[in-house]
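So the structure is just underneath, and the comments pick up after that.
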Amino acid sequence: MKTQQFFQSLTQKLTFWRRQYKVLHCHIAFSKTNGKDGYLTARASSSMTQLVKDKNGIDAVGSRWVKTKRSSVVFVITVVSLTGVMGQKLYNQPQLQEGTVAPQTMRAPDTARIENKKKTEEKRKAATKSSLPVLMVDARINAEIEQNLQQILEEGNEIRASVGSFPFFDTFILSFSTQRYLRSCSHWEWEALLLAVESTNKKKSRVLLQKQRSQTEHKNVGKVSALVSQYEIVSTAKEASAPNAVVLSETSQHLVWDAYALNTEDSKSNDLFKNVDFAQAVAELDAYRLAASKQHLSSLMTQIAKIRQGYAQAKTKLADLVSAKPDTVYDEASLLNLSDEDWAKTKMGIEQSLERILTQGISPGLPQNIIQNTVRMQVQTLVPKDAEPLANKLLLAVLKPNLKKDELRTQLMGAKLAAEVEPVIVTVHKGEVIVRQGQKLSAWNFDVLEHYHLIERKIHWLGLIQLGSVVTASVGIFAIVERRIKHRFRQSDRLLVSLLTLSVPLVLMMGTPYTTWSAVGLLLGSFYGPALGVTVIGLLSLVLPMSLEMSKIALFAGLSGGVLGSCVAQRLRSREELALLSVAIALTEGGVYLIIKLLLSAALGVPSYYIVLQETALFALSGLVWSIVGMGLSPYLEKLFDLVTPIRLAELANPNRPLLKRLATETPGTFQHTLLVATLAEAAAKQLRCNVELVRAGTLYHDIGKMHDPMSFIENQMGGPNKHDTEIKDPWMSADIIKKHVSEGLVMARKHSLPSSIQAFIPEHQGSMQIAYFYHQAQQMALLDPSLKVMEADFRYDGPIPQSRETGIVMLADSCEAALRSLRDATPEQALTMLNNILRARWQDNQLVDSGLTREEMIQIAEIFVQVWQQFHHKRIAYPKLKVVKEETGDREQETVRE
């Protein structure tokens, strides 16, 4: 606080000297223009005379010396501190390095056990390389395998759907094998079977056979002969009492014998009855014919015919699949002969087997026979016996290595093994020669000399000078940019910029790449604007790689986050928006880091995506953390260094602030005056590209001192008696009361800890203007009483005059507000003329010398004030007058309103 008070007092003195110089300069110019008749106030003449006396005196010389020296001291401190922090590795540089020639023979002063760092490192590298890679399951490969399996199973489902359900009939009537045969047997077998089933007696069967033979002479002869051959086999089987023999009914036997009589020469027909499935199907269907009605049998045969059609379609689809995918695992026997229940169990068993195998993992290069044995073992316990071959083929078709190298764990394992390696210790005896004169130092020689402290270390002055030159040039560039921006820098501002800049290399010196880029960019952009923030971030990004070891990728990522924070921070108007900006900074840093890493990974084959994503997440998290730290420090830095940000100004302009609530309740007239002045000043500030938020907040507080005596100001008297005319009746005392609203306002502002930039509006909006009303009153009293002496200084505000464009605009708005309020039916041209006269008076009174406003801008300000005045005093439609008419209705009187 003492340092801050010192800087504030020093700044006030320098400002006073600078203002006196400008007053002198303006008066000289004005005198040259207007001659002896020019307007010179007594106070200005006095100031001019005093300044001429002291122009060559110690005060003028001292002020220039202090200002110059103070800036130089801050410049030197900044350069030295930055060079000292960033050049820390240059302070203790060894004079001898590995590979340099020894200037003399050096011996060991005593016996010691010294670690051979080079050999230790070699052993640790070897241990790291010998470590087995740690494998991890690749979820992408697993998903691909599961997708391929589901695709193959879906193909099987589609083919089986053409057949329909299986078994399709009661297995107690038609066995499972008979149903399988009935739907898959050949067409001529089916025709023969139909003949056997449909013939109910010998005669009818002969007629049918003869008719059949006459229609398809050659084709059916072979089929009927096959029936005969089958019957012979059955008869032989019966005679031999074979346990699996199928006995035909008497009707079927007659049919077969009749068929046998038709043709006994075709040897091919003898093969039919050798098929046990055919004989069993005939027997089971004959048995069902005897047990059920003819209608039931006919319905069953129709159902079987439809099933056969579906089976034929399924075979066609399977053939198409095989032709499209020759390596398909499906065939007719394995896919179509399974029952629906077995197919469901097979699919479930295959999926469970695959899950177990993938959980265990398949490493690259695993022999195929091991995979086959593993699949066979899993399938045996989970899949029906008949479906095991299909399940084996299907799993082997989709399985592939699903394990990949876990880079992080492999590195950790290698590091663990390296850490377990014992250091290589070598005993060096006293007097032993370490290195001879003229011999080049090896790594081992350097380690031994370092152990005995025989290597002299010195400051690398050349490196420090080079680094200091670069830092000096960077600070010089910063100074040039500082002078070009509108913000007026104090020494405390330069100190804060230096501290924020130093935080970046200081964090890097701790060995972490996650430095304070985002916090520095966010704070500098918020306090001083994007130009200064981007300048500091850019200069840092150029200087740091020259002096410190750091990742270039981390540098670019941090640079992007810092630039984003610098460019956006000052546009935000709430803490919530700052929080969103912090997230955007984190995403930007992480995104830039990820993009560069991925590009390098694709080009150079550097670490895996898993490590890249992990590093990206850490970098983005660091950006978010530092942004949050910057947000948390912002209010404290604003308070400590007396700064204002748009967010803080918006908070100060909240009408619920204690001072503003008091102003609205205790001095309502002053509050209304303040609101109108704020409206005028804001419009002008916006047009002239000034700090609108500062103007709004400063205007709201510029008259808070009137709360010390509200009734002394006419806007609060509400048409009542003026105490200056009824009670005081002393223009000197009245002038003191009026001037006191400035000093009391400053007291209130300091009590409520308002920033100095807001406090500046309280005295500067009045400047050193004359309190004309009471000055004129005092002159009138002096005419009546010659003993009274009227000093103009007694009727002027103490100042200072406006030191910024913002306070100058508020002075002009405050001066014009009462005049504009008094206008009723004036035209815009008349209002503009009046305002130009008021502004010209302020200009000629030298109230705007230090404000930075030009004469052209003042003309523009007058036009803006008139535009705002027109908006407040727009015309309204004249409504017709209303008359009240009384009408009597019965016993009561009623009032109506008529035009």
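One is the number of the first residue; the rest follow in order along the sequence.
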Taking the side chain as every heavy atom from C-beta outward, state whether R657 and H752 have any pair of such atoms under 4.5 Å apart.
no

Look up atom CD in E576 and atom CD1 in I647, then write down how far apart they are to the nearest 0.5 Å.
8.5 Å

Between Y701 and T674, does the side-chain contact (heavy atoms from CB on, under 4.5 Å) criterion hold? Intermediate values first, please.
CA-CA 8 Å; Y701 290 93; T674 298; over 6 Å; no

Should I738 and F713 be marked as a side-chain contact (heavy atoms from CB on, under 4.5 Å) after you check the CA-CA gap, both sets of side-chain angles, and the distance that decides it?
CA-CA 8 Å; I738 297 299; F713 301 90; 3.6 Å; yes

Are any side-chain N or O atoms of S518 and backbone N or O atoms of G623, one a donor and one an acceptor, separated by less than 3.5 Å?
yes

Could you walk me through whether S492 and D642 pass side-chain contact (heavy atoms from CB on, under 4.5 Å), step by step?
CA-CA 9 Å; S492 59; D642 193 23; over 6 Å; no

Working to the nearest 0.5 Å, report the span between CG of L853 and CD of Q847.
12.5 Å

When rounded to the nearest 0.5 angstrom, what distance separates CD1 in I801 from CZ in R842?
13.0 Å

Please report the closest heavy-atom contact between V692 and A685, naming both atoms and the distance.
CG2-C, 4.1 Å

Any donor-acceptor pair under 3.5 Å linking the side chain of R648 with the backbone of L643?
yes

Just by distance, do the side chain of H702 and the backbone of T699 share a donor-acceptor pair under 3.5 Å?
yes

If you measure from CE on M748 to CD1 on I762, what distance do you get to the nearest 0.5 Å?
9.5 Å

Between E666 and F671, is there a side-chain heavy-atom distance shorter than 4.5 Å?
no

Nearest atoms (heavy-atom pairs only) where M811 meets G767:
CE-N, 3.6 Å

For a side-chain contact (heavy atoms from CB on, under 4.5 Å) check, start with the C-alpha distance between T515 and W626, then their side-chain angles and the critical distance, and finish with the verdict.
CA-CA 8 Å; T515 189; W626 281 118; 5.6 Å; no

Could you check whether any side-chain heavy atom of P710 comes within less than 4.5 Å of a side-chain heavy atom of T670, counting everything from C-beta outward?
no

Exam field: side chain S526 to backbone L522, donor-acceptor pair closer than 3.5 Å:
no

List the atom of F865, the atom of L835, and the distance in Å for their closest heavy-atom pair.
CB-CD1, 3.6 Å

Parallel, tilted or perpendicular, as decided by the 30° and 60° cut-offs, for the rings of H765 and H741
perpendicular

For residues I480 and R484, determine if any side-chain heavy atom of one lies less than 4.5 Å from a side-chain heavy atom of the other.
yes

Salt bridge check: are D493 and R490 linked by an N-O gap of less than 4.0 Å?
yes

Regarding S498 and T78, is there a side-chain donor-to-acceptor distance under 3.5 Å anywhere?
yes

Can you measure from CG (L496) to CZ (F641) and round to the nearest 0.5 angstrom?
4.5 Å

Ion pair present between E817 and R821, side-chain N to carboxylate O less than 4.0 angstrom?
yes

Taking side chain as C-beta onward, heavy atoms only, is L694 less than 4.5 Å from F761?
yes

Please give me the minimum heavy-atom distance between S560 and T588, naming the atom from each residue.
OG-CG2, 3.9 Å

Is a donor on one side and an acceptor on the other found under 3.5 Å between the side chain of D814 and the backbone of V810?
no

Which heavy atom in P655 sits nearest to a heavy atom in K661, and how many Å separate them?
O-CG, 3.3 Å

Distance-only, no hydrogens or angles: does the K740 side chain make a donor-acceptor pair with backbone N or O of G705 under 3.5 Å?
no

Do other residues, nucleotides or ligands put more than 12 heavy atoms under 6.0 Å from the CZ atom of R571?
no

Determine whether the side chains of E764 and Q803 contain a donor N or O and an acceptor N or O closer than 3.5 Å.
no

Rounded to the nearest 0.5 angstrom, the CD-CZ distance for E651 and R575 is 4.5 Å

Listed by chain and number, what are the ring pair (Phe, Tyr, Trp, His ring centres under 6.0 Å) partners of H708, not counting sequence neighbours?
none

Side-chain heavy atoms of I537 within contact of L559, under 4.5 Å:
yes

Quick one: does Q759's side chain have a donor or acceptor within less than 3.5 Å of a partner on L754's backbone?
yes

Heavy-atom nearest pair, Q777 first then P731, reads OE1-CB, 3.5 Å

What residues form a side chain to side chain contact (heavy atoms under 4.5 Å, CB included) with W843, not counting sequence neighbours?
L848, R855, M858

Using a strict threshold of under 4.0 Å (side-chain N to carboxylate O), is an ion pair present between R573 and E577?
no

Student check: side-chain heavy atoms of Y528 and T535 closer than 4.5 Å
no

Could you check whether any side-chain N or O of S566 sits under 3.5 Å from a backbone N or O of G521, counting only pairs where one atom can act as donor and the other as acceptor?
yes

